[in-house]
Amino acid sequence: MEERQKNGNLVFAVNGERFELPCVDPSTTLLQFLRSETCFKSPKLGCGEGGCGACVVLISKYDWKLKKVEDFSVSSCLTLLCSLNGCSITTSEGLGNTRDGFHSIHERFSGFYASQCGFCTPGMCMSFFSALVNADKGNKPDPPAGFSKLTSSEVESAIAGNLCRCTGYRPIADACKSFAADVDIEDLGFNSFWKKGDSKEMKVSKLPPYDPTKTFSTYPEFMKCESTTNMDSSRYPWYSPVSIEELWGLLNSNVMVNGASYKLVVGNTGTGYYKETQRYDYYVDLRHVPELSAIKRDQAGIEVGATVTISKFISFLKEESKINFGSYGKLVSEKLAYHMEKIASPFVRNSASVGGNLVMAQKNGFPSDIATLLLGLCATVSLMTSHGLKKLTWEELLSKPPLDSRTVLLNVCIPFKKDQSSPQTHSRFLFETYRAAPRPHGNALAYVNAAFQADVSHCKNGVLISNIHLAFGAYGTKHATKAKMVEEFLAGKMLTVHVLYEALKLVKLAVVPEDGTLHPEYRSSLVVSYVFEFLYPLTGVHSSISGGLLDGINDICVEEVTESSNDGCISQGRKQTLLSSAKQVVEFSTEYHPVGEPMKKVGAAMQAAGEAIYVDDIPSPPNCLHGSFIYSTKPLAGVKGIQLDPNQLTEGVTTIITYKDIPTGGSNAGAITPFGSEPLFADYLVRCAGDRIAVVVADSQRSADVVARTALVEYDTANIDLPILTVEEAVEKSSFIQIPPSFYPKQVGDFSKGMAEADHKILAAEIRFGSAYHFYMEPQTALAIPDEDNCMVVYTSSQSPENAHRAIASCLGVPEHNIRVITRRVGGGFGGKFVKAMPVSTACALAAYKLRRPVRIYVNRNSDMIIAGGRHPMKVTYSVGFKLSGKITALHLDILINAGNTQDMSPIIPSYLINSLKKYYWGALSFDVKLCKTNLTSKSIMRGPGEVQGSYIAEAIIEHVASLLSVEVDSVRNKNVHTFESLNLFYDNIVAEVREYTLPSIMDKLAVSSSFFQRSKMIEQFNQKNTWKKRGISRVPIVYNATQQPTPGKVSILQDGSIVVEVGGVEIGQGLWTKVRQMTAYTLSLIESSWAEDLVEKVRVIQADTLSVVQGGLTAGSTTSESSCAAVRLCCNVLVERLTPLKKQLKEKNGSVDWPMLIRQAQILSINLAANSNYVPESSSSRYLTFGAAVSEVEINVLTGETTILRSDIIYDCGQSLNPALDLGQIEGSFVQGIGFFMNEEYITNEDGLLVSNSTWTYKIPTIDTIPQNFNVHVMNSGHHKNRVLSSKTSGEPPLLLAASVHCATRTAIKAAREQLKHWDKLDGSVSEFYLDVPAILPVVKTQCGLDYAEKFLETLLAQKSN
């Protein structure tokens, strides 16, 4: 103990294991340490920005004064290791594991089918565990046995910052809510714990037990005996001053003043936004200065220390609002806490400081919410400068130049107003905050944030504004600002409609986004909307105007202004709760038991505990190096050279690998597809922004990334043509990619004849699609290890190890038998781990080959997004003829597909697109499809490639026809749904029997189960009564053309009777291993049916190995699970044929026989217990159709453009599902990913085609707060299909297409808003003829509702008054 105090070493614990580090690089993050220096790999590097939650761990600190442990979650990718002296870290392995037993969180995640690819699951578990631990330490009443003190709403909020691309969140929410004290167990979704008909008590008893009194200690006792002294600064360049005086002396010491670089740190979360490439000489930890970490309150206000975390400030405000501490203080505390809970996510707020957030806003122009809130509250700040202490208003500080490095923000003071209310004056305080963001409950920067306060008095003639403050931020300006011109205009005025109207005009002039701001018109509109929301309820027009104009006016987003005659404050309650519900109907069959059973996903609990091994979890071999790509930022240019930043050239940087390093006999091939190869590196010319130029190789991934990020590429654009970036430019220059004739889809009928039969025509209407990013949670990664005899072993996260194998061999110029590629599991793929994974493994192998050392590449998220290419952008021009009835007679499309600069898999897109578009009976269908070759990154397959666009094009055309005819869209859909005959006409007689065409019955069932027609009428009534919220509902069908691929399989029975299975398909989260396991057990149980249950447990499916199972093909198209099962079935049939005679002999001899006895005897008799096969589907069964439909209902906020999905109902035909629980998960996850495409994921590029929305800050996939609030799925068993694998059908991709129902419902809601404008005689254009972009993000929705909706409303009021 004495020795440790003298040493001042860095000491901490991980999962109860003590670590003491005599020295460490102070820039090392906790995640880097855990993954490189320990065996604990459950925290994953998903983004490095604190934006995904994959790296979340629990930090536990011991408070020596209070003698208690403080537990909180953090992003380990941002947390500096040196900041954890004396702390304990718990990862998901620490909660439970395979050997010691899983935690009930792990078991419930598994039992509720809440883990698919599993990459995000450990972080999700730790976010939830943190909330669980803290809730059970709280003062709430004791919950029922087996539950925690958490509420269902708190449960969902706890995981709202964690991203998952696979599940759609519903099962995750259910797994977590199963711990909630207030949960109705009947509301929890489909799971493996209980059966239909079980009582509530029985269901509770079957859940994996949770006893909060028996949870393990998060802070080991031995840590309480450790020294709490600071680390020795002579060995760690890390200072932890304990007073303001010491801090001042340190910052003004000779060391700091004389040019040394240093960084002030608290939570280090700012590095998630501002990527650091600078190396600092010193770090100064501000958290140990007591004055900076304190929160004080008195009658004058609240003083918040700069190092107080945002979470602690929120907790303080919540407690403050419960204390009778003045009405103003209570009001402000409530509003601030509610707003600040939407900043970042819990695991970021737990370490991010209030002061750090404000300093980023002041110095860097960070679009901070807190900065705006404090500006609206007229806060003051205290600073420590090199000249002493200084106090000034926050507004003054914002107007000053950026703070210098020796100026420290000490605290912020929020002043309280004195209560001045009285029955005589009727004076009141009014305070409200606002924000609109891509995600309603946080983890997204705001388009605009605002904070308003006012002193108002109620008089006989209305409301007098005595004083008002209007603060706005994030709208496209460097700092939050006040609308002083508006404040001065309103002060002292009686608020009337006219005054408000004039104020709104001034707001537009006062708050103007700077040039270059994204969606400037929308942001300006939001500013106006918020002022309108704030002040309109005070105008008193509710009682003074009649005549029906204001029907539904009380639905304004601020709701009715609630007044209390006692406290003198007006609280405009707008709180939204986050509480989802769902219902699942799962039909399954026991005919092929255990196939068809809803078994848990193999290894799900292991994934939750973080024990599942992904490529980056494989320990680095000795002397391993790390690579990072340097890519082009220009679309078409010569490469003159690469200059590395000399400040980053440490001893750890080894070399740069370019195309010149490809060995003699090798080729510059990074990827190989059926349509050709793609270059690994640009040679003398880059052909797109994002083109790979080189790989930097260094001794750590961090060093390689920093060097690559700071590298300067010298370009030469002289004598080089202008780049082709758009499809129009490609057409102009005849730049196309050939579509092989066999891949060009067939046209149907006579278009000219169909158009001649039409009563109406739409000519040359346009639809456009942007791109989208796969956002697999595990970025692209590979590990290459040189082996003997010029061989190479490569571990890769790939959907096609076989193709990666070919590409590596081709690049290195070696025989394919010299290369071995292994893929155990993939942390999400969605098509992005096929072609786009190959260059990563190939570059890795090339570097390892040249350097003769192991090399691994883990592509950082920003680079991954830029290089990945994404979904195909398109321009579609259509002409359609139709009858008065709505029946379409002919459709022609001119389709321009932006394929990027190489073929990739683009030639398959036209047929996929047309096949999904054929879901309606168009009469005659003709088209001209061109693949445009441009200087963009080559576009690749992504879940539902071409199909999601094709299916949506069909819906857009139906909507357009309905709008021109002024009829209900649903009636036009019904008019054009296929008959059995027309279906086979369009799909080449693919459906053999009428009963296989299930779409008409699905549509009818869905109309009943979703109450579609009744709800449509209710929505119509809602829209008539509500001015500021509008609802829409839509029913959308799909027809999906699935194609099976040849797939190999291999089954081996070992001596103890255990079974090893290998297949060509790769486990990417879809449950392929589980279905294969079930199929193996079923087929082998044909020897003896009673063995089926035991056989399931004996089966292990192992990794894909290209030297063990050849012709592995591609895991894509959603049918690989079926094909793999079919391959395994063939293998097992061979084994059954070999073993059945022996079983009969043994039974005759012994009377009974079990599996172990059978296998022992087979071994003795040298019966071959291994079989391999290659399943090749017959032509009659290689293609089939599957069907589904969805009804979605949305509500839009007309003032902000925010869209809430109130409910989605899906019925999907799974045939006879191989595992209905897994298929249910695929349906939900696919649908939610489709919501991202249609509603959330804005893919933004610059003028050179370079992706700029390349981070979790700017690219927003769905989160738990953006999924349907009520999410109902029916997995339909449509019976026998003789040409299917045990009558099964695919489920992975088709449901994504159904998410178009959300977009179509949004369009219907917008139409209602436009009808409102027409009612006011204020609509420019048609009610129903308008174009709604994909994705329909907030600015898109608001624009189509009317950017000046509030002003037009007031104009109508004023006009009616004047009449």
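Just so it is clear, the values below take in all heavy atoms, side chains as well, and ignore hydrogens, waters and symmetry mates.
Side-chain atoms of Arg108 come within 3.5 Å of backbone atoms of Ser178 as a donor-acceptor pair (strictly under, hydrogens ignored). In this structure, the side chain of Glu156 does not engage the main chain of Ile1264 through any donor-acceptor pair within 3.5 Å. A donor-acceptor pair under 3.5 Å is formed between the side chain of Asp174 and the backbone N or O of Gly189. Looking only at distances, no side-chain donor or acceptor of Ser130 sits under 3.5 Å from a matching main-chain atom of Met126. Glu611 contributes no side-chain N or O that, together with a main-chain N or O of Met606, makes up a donor-acceptor pair within less than 3.5 Å. Put simply, the side chain of Tyr1259 never gets that close to the backbone of Met865: no donor and acceptor are under 3.5 Å apart. In terms of modelled atom types and a separation under 3.5 Å, the side chain of Ser205 and the main chain of Met202 share a donor-acceptor contact. Without hydrogens or angle criteria, Thr823 side chain to Thr796 main chain gives a donor-acceptor distance under 3.5 Å. Side-chain atoms of Glu1122 never come within 3.5 Å of backbone atoms of Thr1119 as a donor-acceptor pair (strictly under, hydrogens ignored). Put simply, the side chain of Thr79 gets close to the backbone of Ser75: a donor and an acceptor are under 3.5 Å apart.
Nearest heavy atoms, Ala175 versus Ala114: CB-CB, 4.2 Å. Counting all heavy atoms, side chain and backbone alike, Thr1047 lies closest to Ser1123 at OG1-CB, 3.1 Å. Across Phe347 and Asn162, no two heavy atoms sit closer than the pair CE2-OD1, 3.5 Å. In terms of heavy atoms, Thr29 sits closest to Cys77 at CG2-O, 3.4 Å. Residue Ser110 comes nearest to Ala604 through the heavy atom pair OG-CB, 3.6 Å, listed as atom of the first residue, atom of the second, then distance. Here the closest heavy-atom approach between residue Thr1115 and residue Gly1064 is recorded as OG1-O, 4.2 Å.
Under the rule for a ring pair (Phe, Tyr, Trp, His ring centres under 6.0 Å), the partners of Tyr614 that lie at least two apart in sequence or sit in another chain are Phe119. Not counting sequence neighbours, Asp187 has no partner by the salt bridge (charged side-chain N to carboxylate O under 4.0 Å, His left out) test. Scored by the ring pair (Phe, Tyr, Trp, His ring centres under 6.0 Å) test, Phe193 finds Phe112 as partners (sequence neighbours excluded). Applying the ring pair (Phe, Tyr, Trp, His ring centres under 6.0 Å) criterion to His1274, with sequence neighbours excluded, gives no partner residue. Under the rule for a salt bridge (charged side-chain N to carboxylate O under 4.0 Å, His left out), Asp100 has no partner lying at least two apart in sequence or in another chain. Not counting sequence neighbours, the partners of Ser115 by the side-chain hydrogen bond (donor to acceptor under 3.5 Å, both in side chains) test are Thr121, Gln607. For the side-chain hydrogen bond (donor to acceptor under 3.5 Å, both in side chains) test, no residue two or more places apart in sequence or in another chain qualifies with Asn191. Contacts of Asp864 classified as salt bridge (charged side-chain N to carboxylate O under 4.0 Å, His left out), with partners at least two apart in sequence or in another chain: none. Contacts of Tyr592 classified as ring pair (Phe, Tyr, Trp, His ring centres under 6.0 Å), with partners at least two apart in sequence or in another chain: Tyr1082. Residues satisfying the salt bridge (charged side-chain N to carboxylate O under 4.0 Å, His left out) criterion with Asp1105, sequence neighbours excluded, are Arg820.
You'll find the side chain of Ser127 stays beyond 4.5 Å of the side chain of Met124, heavy atoms only. Side-chain contact between Tyr113 and Ser192 is present, with at least one heavy-atom pair separated by less than 4.5 Å. Side chains of Phe830 and Gln799 form no contact here, defined as non-hydrogen atoms less than 4.5 Å apart. Counting heavy atoms from C-beta outward, Lys583 and Asn1270 have side chains that stay 4.5 Å or more apart. Side-chain contact between Tyr210 and Leu132 is present, with at least one heavy-atom pair separated by less than 4.5 Å. Using a 4.5 Å cut-off on side-chain heavy atoms (C-beta onward), Val1275 and Glu587 make no contact. Counting heavy atoms from C-beta on, the side chains of Cys117 and Glu778 never come closer than 4.5 Å. For the pair Pro1295 and Ile1210, the minimum side-chain heavy-atom distance is 4.5 Å or more.
Of the charged side-chain nitrogens involved, at least one lies within less than 4.0 Å of a carboxylate oxygen, so that Arg165 and Glu1241 count as a salt-bridged pair. Ionic pairing of Glu154 and Lys149 is not present here: no N-O contact between side-chain nitrogen and carboxylate oxygen is shorter than 4.0 angstrom. The residues Glu107 and Lys600 are annotated as not salt-bridged, no charged nitrogen and carboxylate oxygen being separated by less than 4.0 angstrom.
In this model, no donor atom of one side chain and acceptor atom of the other lie less than 3.5 Å apart for Thr151 and Asp182. With no hydrogens or angles considered, a side-chain donor-acceptor pair links Thr91 and Asn15 at under 3.5 Å. Using modelled atom types, one finds no donor on one side chain facing an acceptor on the other under 3.5 Å when comparing His441 with Thr1263.
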In sequence, state the C-alpha distance, the side-chain angles, and the governing distance for Ile59 and Ile89, and then conclude on side-chain contact (heavy atoms from CB on, under 4.5 Å).
CA-CA 5 Å; Ile59 302 296; Ile89 297 103; 3.6 Å; yes
Step by step, work out the side-chain contact (heavy atoms from CB on, under 4.5 Å) result for Asn443 and Asp1265.
CA-CA 10 Å; Asn443 206 17; Asp1265 54 347; over 6 Å; no
Could you go through the side chain to side chain donor-acceptor pair (under 3.5 Å) check for Asp1213 and Thr1186 one step at a time?
CA-CA 6 Å; Asp1213 178 3; Thr1186 191; 4.7 Å; no
Audit row: Glu1067, Lys601, side-chain contact (heavy atoms from CB on, under 4.5 Å) steps and yes/no:
CA-CA 11 Å; Glu1067 176 61 61; Lys601 183 179 183 295; 3.6 Å; yes
Listing, residues 1220-1233 side-chain donor-acceptor contacts under 3.5 Å, not counting sequence neighbours, or none:
{"from": "Asp1223", "atom 1": "OD1", "to": "Lys1075", "atom 2": "NZ", "distance (Å)": "2.8"}
{"from": "Asp1223", "atom 1": "OD1", "to": "Ser1291", "atom 2": "OG", "distance (Å)": "2.7"}
{"from": "Asp1223", "atom 1": "OD2", "to": "Ser1217", "atom 2": "OG", "distance (Å)": "2.4"}
{"from": "Gln1226", "atom 1": "NE2", "to": "Gln116", "atom 2": "OE1", "distance (Å)": "3.0"}
{"from": "Glu1228", "atom 1": "OE1", "to": "Arg170", "atom 2": "NE", "distance (Å)": "3.4"}
{"from": "Glu1228", "atom 1": "OE1", "to": "Arg170", "atom 2": "NH2", "distance (Å)": "3.0"}
{"from": "Glu1228", "atom 1": "OE2", "to": "Arg170", "atom 2": "NE", "distance (Å)": "2.9"}
{"from": "Glu1228", "atom 1": "OE2", "to": "Arg170", "atom 2": "NH2", "distance (Å)": "3.2"}
{"from": "Ser1230", "atom 1": "OG", "to": "Gly1292", "atom 2": "O", "distance (Å)": "3.1"}
{"from": "Ser1230", "atom 1": "OG", "to": "Glu1293", "atom 2": "O", "distance (Å)": "3.4"}
{"from": "Ser1230", "atom 1": "OG", "to": "Leu1296", "atom 2": "N", "distance (Å)": "2.9"}
{"from": "Gln1233", "atom 1": "OE1", "to": "Arg943", "atom 2": "NH1", "distance (Å)": "2.8"}

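The aromatic rings of His774 and Tyr776 lie parallel to each other, with less than 30° between the two planes, well short of the 60° mark.
No option in Phe147, Phe129, Phe128 other than Phe128 meets the ring pair (Phe, Tyr, Trp, His ring centres under 6.0 Å) test with Phe179.
For residues 41-53, the set of pairs meeting the side-chain hydrogen bond (donor to acceptor under 3.5 Å, both in side chains) definition, not counting sequence neighbours, comprises Ser42-Glu93, Lys44-Asp617, Glu49-Lys275, Glu49-Asn862, Glu49-Thr1256.
To the nearest 0.5 Å, the span separating CZ on Phe588 from CG on Asn1277 amounts to 10.5 Å.
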